[in-house]
Novice: 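Below you will find the structure I want to go over with you.
By convention in this document, chain letters (A, B, ...) are assigned in the order of the sequence lines, proteins followed by strands, and residues within each chain are numbered from 1. Remember, it's a predicted structure, so these values are computed and weren't measured experimentally. Below, each value reflects all heavy atoms present in this structure, side chains not excepted, and no hydrogens, waters or symmetry copies.
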Amino acid sequence: MKIASFNVNSLKARLPNLIEWLKEAGPDVVCLQETKSTDDTFPRGPIEDLGYNLAIHGQKTYNGVAILSRAPLEVTQIGLPGGDGDDHARYIEALVSVGDTVLRVASIYLPNGNPVDSEKFTYKLVWMDRLIAHAKGLLAYEEPLALMGDYNVIPTPDDVYDPKAWEGDALFQPESRGKLRELIYLGFTDAWRACHAETHRYTFWDYQAGSWPKNNGIRIDHILLSPQAADRLKGSGIDRDIRGREKPSDHVPIWAELEF
DNA sequence: ATGCCGGGCGAAGCCCGA
């Protein structure tokens, strides 16, 4: 089964792009981020026509996450627990049936956190603490689990074209990277990294400053697998060419193949 | 180059992203 994650940067603006990729890549499960669509404005039709069931956590203008699945979905969580008034649509989780077993998937849009000397960075770190706490609970189920999405964290200097250029950025702060490690060290496997030894492979290129033609990218979209999911990992990839297409998102899809 | 592009909102510039 192929699972994937794609920050579309507006579902409305990216719909032709997304449909084309869905037809080519044929993923069984897709986590979307930055849909910028409410449940009312979500373009269900064209996606359902390709055979996907939908789980949506929408919001107007900003954020918005969703899960598409060929197999039936059962939503288990909308919004990350521990919010205390946090109304950003950044987390949705569901159970997907796979034959006689289940895979739990979450679509994650982790806060950007810039600028670092603002409450936005605090929000990012607190959000990561909430994610860590929730993930601990999920791991206790000892079942196949995939936390996928735009983590807005560059894990290591090997995941950015120029570490110096990102020194002051929230995506590359020691605190951000430390909390991502704290999450991973609970027992998760970075699916793409587990399958690839090469460095400087990216999932995001800024629209500005010719970042794409210069390959000035960063790797911030990740698929984290529980031990029971990692045991089934057969491959992982980044659909890099999508970035060079007409009206692309600034992110590209990442995927993992799990054997069930 | 903390704003070079692109999207939303809404009808023009401003907010936001990473």
Novice: Give A:Asn63 one of three labels, base, sugar-phosphate or nothing, depending on what nucleic acid heavy atoms sit under 4.0 Å from its own.
Specialist: nothing
Novice: Which whole number of Å gives the distance between the C1' atom of B:dG3 and that of B:dC14?
Specialist: 13 Å
Novice: So, taking the atom named CH2 in A:Trp205 and the one named CZ in A:Arg243, what distance separates them when rounded to the nearest 0.5 Å?
Specialist: 7.5 Å
Novice: Just by distance, no angles: are the side chains of A:Asp162 and A:Asn216 close enough, under 3.5 Å, to form a donor-acceptor pair?
Specialist: no
Novice: Would you compute the distance between atom CG of A:Asn9 and atom CG of A:Asp150 and round it to the nearest 0.5 angstrom?
Specialist: 10.0 Å
Novice: With sequence neighbours left out, which residue pairs that include part of residues 138-149 of chain A fulfil the side chain to side chain donor-acceptor pair (under 3.5 Å) condition?
Specialist: A:Arg104-A:Glu143
Novice: Classify A:Lys124 by what it touches in the nucleic acid, base, sugar-phosphate, or nothing, heavy-atom distance under 4.0 Å.
Specialist: nothing
Novice: Check every strand shown and say whether A:Phe172 touches a base, only sugar-phosphate, or nothing at a heavy-atom separation below 4.0 Å.
Specialist: nothing
Novice: If we ignore angles and hydrogens, is there a donor and acceptor under 3.5 Å between the side chains of A:Glu93 and A:His134?
Specialist: yes
Novice: Taking only Lys NZ, Arg NE, NH1 and NH2, and the carboxylate oxygens of Asp or Glu, determine whether A:Arg219 and A:Asp190 approach each other closer than 4.0 Å.
Specialist: yes
Novice: For A:Asn7, which contact category applies under a 4.0 Å heavy-atom criterion: base, sugar-phosphate, or nothing?
Specialist: sugar-phosphate
Novice: Indicate for each nucleotide in nucleotides 2-10 of chain B, in 5' to 3' sequence, whether protein heavy atoms under 4.0 Å reach the base (B), only the sugar-phosphate (S), or nothing (-).
Specialist: BBBBSSSS-
Novice: Taking atom C1' in both B:dC16 and B:dC4, what distance in whole Å separates the two?
Specialist: 16 Å
Novice: With rounding to the closest Å, how many angstrom separate the P atoms on B:dG10 and B:dG6?
Specialist: 22 Å
Novice: Round to a whole Å and report the spacing from CD of A:Gln59 to P of B:dG17.
Specialist: 11 Å
Novice: Quickly work out the A:Asn152 CG to B:dG17 C1' distance and round it to whole Å.
Specialist: 9 Å
Novice: Please tell me if the side chains of A:Ile108 and A:Trp127 come closer than 4.5 Å, counting only heavy atoms from C-beta onward.
Specialist: yes
Novice: Over how many whole Å does the gap from A:Tyr109 atom OH to B:dC16 atom P extend?
Specialist: 12 Å
Novice: Sticking with atom P, work out how far B:dG7 lies from B:dT2, rounded to a whole angstrom.
Specialist: 22 Å
